[in-house]
> 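Got a structure for you, written out below as structure tokens; questions coming shortly.
Keep in mind the model is a prediction, meaning the values are calculated, not measured. We number each residue from 1, following the sequence as shown.
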Amino acid sequence: MRSGEIAVIGRPNAGKSTLVNRIVGEKVAIVSDKPQTTRKRILGVARRPDLEIALIDTPGIHKPEYKMNSQMVRDAVDALAGADAVLLVIDAADRPGRGEAYLLDLVAKSGKPVLLALNKIDLLKKERLLPRIAALSGQGSFREIVPISARTGDGVEGLVGLLASALPEREAAYPEDFLTSTPETEWIAETIREKVLERTREELPYSTAVVIESVEEAPDKPVTVVYASIVVEREGQKGIVVGKGGAMIKQIGTAAREELEAETGRKFFLDLQVKVREEWRNDERFLSRIMGHE
């Protein structure tokens, strides 16, 4: 039996959460095509015969502009300290730059075994793949460089086998039915935020947060009633989220409710309000509420 913790590290939008969901076999992290979707560490436990991998999905490493972003990057860096090994995820189509160089240096200094997953190979022409692998192999001491597509699953099981070899022989650390440490209220908030991300563009994804005000069971029927606030930074953003005649907020609520019901097999009623809170990304008290940093 092998078991242990693997920190999943990468730049924003490298596909870390999609890969974690693929390996775990269940959706434990929200995903979108927007950078900085993941805002805090998420634990997802993957199992194979004689193997338990605790995957720590982390926020993308980026230059922080707000206190929220500083917390996100700190979360990612802190995950390295407690891990048995590191899974570095790089978008194969990304051009190398300062951000990638910083990331390579960061994982090298961790002193942990590092596997590099070169993701999104389904979007890269084959003649560009081998030079990319060759360039990366000369920039770090990696146990392996594995070309994969988290979206299609290509190469992922081979990667899992290599991750297993980087873990120590020891007993499983979690009960067999344990999947993620994310509390249900947090998962509900993240599901709502994912639906906002899917339906909005420009600056809104970065300046939107979801706060769960209450979750309670209806006394007269089997329905979980959720009161939640979608927080934005400006009045104009509020208008976008609400939509003409309330159309957008209704779409967001319906999509979130349908996913929650499909995931849990329970009925949900979502009461969504949109609130304006200027500069919330620099508000430490508010950040402690939504990100769990006291």
> Which distance, rounded to the nearest 0.5 Å, do you find between the CD1 of I290 and the CD of Q71?
8.5 Å
> May I ask you to decide whether E184 forms a salt bridge with R266, counting only side-chain N to carboxylate O separations under 4.0 Å?
yes
> Hey, what do you get for CG (L19) to CG (L87), rounding to the nearest 0.5 Å?
6.0 Å
> Quick one: does V28's side chain get under 4.5 Å of W187's, heavy atoms only?
no
> Is there side-chain contact between L204 and I240, with heavy atoms separated by less than 4.5 Å?
yes
> Hey, are the side chains of M68 and M291 touching, using non-hydrogen atoms and a 4.5 Å cut-off?
yes
> Is there a chain of hydrophobic side chains (I, L, V, M, F, W, Y, each step under 4.5 Å between heavy atoms) that links V231 to Y66?
no
> Output yes when R48 and E157 qualify as a salt bridge under the 4.0 Å nitrogen-oxygen rule, no when they do not.
yes
> Are T191 and E259 close enough that a side-chain donor and a side-chain acceptor fall under 3.5 Å?
no
> Salt bridge check: are D75 and R41 linked by an N-O gap of less than 4.0 Å?
yes
> Would you find more than 12 non-hydrogen atoms of other residues, nucleotides or ligands less than 6.0 Å from E127 atom CD?
yes
> Kindly give the heavy-atom pair with the smallest separation between P59 and A76, and that separation in Å.
O-CB, 3.5 Å
> What I want to check is whether the side chains of Q273 and D271 have a donor and an acceptor closer together than 3.5 Å.
yes
> For residues T208 and T200, determine if any side-chain heavy atom of one lies less than 4.5 Å from a side-chain heavy atom of the other.
no
> Are V223 and I188 linked, directly or through other ILVMFWY residues, by side chains that come within less than 4.5 angstrom of each other?
no
> So which atom in D84 and which in G4 form the shortest heavy-atom distance, rounded to 0.1 Å?
OD2-CA, 3.2 Å
> How long is the span from the CG atom in L88 to the CD1 atom in I90, to the nearest 0.5 Å?
4.5 Å
> Just to verify, which of R199, K27, K34 counts as forming a side chain to side chain donor-acceptor pair (under 3.5 Å) with E194?
K27
> Taking D105 first and then K109, would you say they form a salt bridge - that is, a charged N and a carboxylate O separated by under 4.0 Å?
yes
> In terms of side-chain heavy atoms, does E213 have a donor or acceptor partner in S229 at a distance below 3.5 Å?
yes
> A quick test of your reading: do over 12 heavy atoms of other residues, nucleotides or ligands sit less than 6.0 Å from CD of E278?
no
> Start with the C-alpha gap between T182 and L43, add the side-chain angles, then the distance that decides, and say whether side-chain contact (heavy atoms from CB on, under 4.5 Å) holds.
CA-CA 7 Å; T182 303; L43 168 66; over 6 Å; no
> Give the cluster check for V114 versus I133: same hydrophobic cluster or not, with ILVMFWY residues linked at side-chain heavy-atom distances below 4.5 Å.
yes
> Quick one: NZ on K195 to CG on L260, what's the gap to the nearest 0.5 Å?
8.5 Å
> Using atom types as modelled and distance alone, determine if a side-chain donor or acceptor of R47 lies under 3.5 Å from a backbone N or O of L179.
no
> How many angstroms lie between atom CG of L159 and atom CG of L118, to the nearest 0.5 angstrom?
11.5 Å
> I'd like to know if the side chain of S17 reaches the main chain of V31, judged simply by a donor and an acceptor atom lying under 3.5 Å from each other, with no hydrogens or angles considered.
no
> Using only heavy-atom distances, determine whether the side chains of S207 and Q237 contain a donor-acceptor pair under 3.5 Å.
yes
> Would you confirm whether K112, through its side chain, and A81, through its main-chain N or O, come within 3.5 Å as a donor-acceptor pair?
yes
> For the hydrophobic clusters of this structure (ILVMFWY residues joined by side-chain heavy atoms under 4.5 Å, transitively), does one cluster hold both V86 and L51?
no
> Should L80 and I9 count as side-chain neighbours, where that means a heavy-atom distance under 4.5 Å?
yes
> Evaluate the side-chain proximity of I148 to D154: yes if any heavy-atom separation is below 4.5 Å, no if none is.
no
> Which heavy-atom pair separates S3 from E171 by the least distance, and what is that distance?
OG-O, 2.8 Å
> Quick one: does S32's side chain have a donor or acceptor within less than 3.5 Å of a partner on L197's backbone?
no
> Kindly give the heavy-atom pair with the smallest separation between R281 and Y206, and that separation in Å.
CD-O, 3.4 Å
> Using the side chain to side chain contact (heavy atoms under 4.5 Å, CB included) definition, which of the options V242, V211, V241 pairs with I230?
V241
> When you compare the side chains of T152 and D122, does any donor N or O come within less than 3.5 Å of an acceptor on the partner?
no
> What's the separation between atom CZ in F142 and atom CG in L116, rounded to the nearest 0.5 Å?
4.5 Å
> Below 4.0 angstrom, N of the basic side chain to O of the carboxylate: do E100 and R132 qualify?
yes
> Using side chain to side chain contact (heavy atoms under 4.5 Å, CB included) as the criterion, list what pairs up with S141, not counting sequence neighbours.
none
> Could you verify whether a donor N or O on one side chain and an acceptor N or O on the other, from E26 and N21, lie under 3.5 Å apart?
no
> So, K16 side chain and V8 main chain: donor-acceptor pair closer than 3.5 Å or not?
no
> State, with a plain yes or no, whether a side-chain heavy atom of E52 is found less than 4.5 Å away from one of Y174.
yes
> One thing to verify: whether R39 and E190 come together as a salt bridge, which I'm taking to mean a side-chain N less than 4.0 angstrom from a carboxylate O.
no
> Flag yes if L167 and V89 sit in one hydrophobic cluster, no otherwise; membership is Ile, Leu, Val, Met, Phe, Trp, Tyr, and two members link when side-chain heavy atoms are under 4.5 Å apart.
yes
> Checking R151 side chain against K120 main chain: does a donor-acceptor pair fall under 3.5 Å?
no
> Answer yes or no: is there a side-chain heavy-atom contact under 4.5 Å between M72 and Q36?
yes
> Does the pair R277/D283 count as a salt bridge with the N-to-O cut at 4.0 Å?
yes
> Which atoms form the tightest heavy-atom contact between V24 and G44, and what is the distance?
CG2-C, 3.8 Å
> Output yes when a side-chain donor or acceptor of N282 lies under 3.5 Å from a complementary backbone atom of K67, and no otherwise.
yes
> Within the side chain of E261, is there an N or O that forms a donor-acceptor pair under 3.5 Å with the backbone of F268?
yes
> Is a salt bridge present between R11 and D91, judged by a nitrogen-to-oxygen distance below 4.0 Å?
no
> Any chance CZ of F178 has more than 12 other-residue heavy atoms, nucleotides or ligands included, within less than 6.0 Å?
yes
> So, for G253 and L270, which heavy atoms are closest and what is the spacing to 0.1 Å?
O-CD1, 3.6 Å
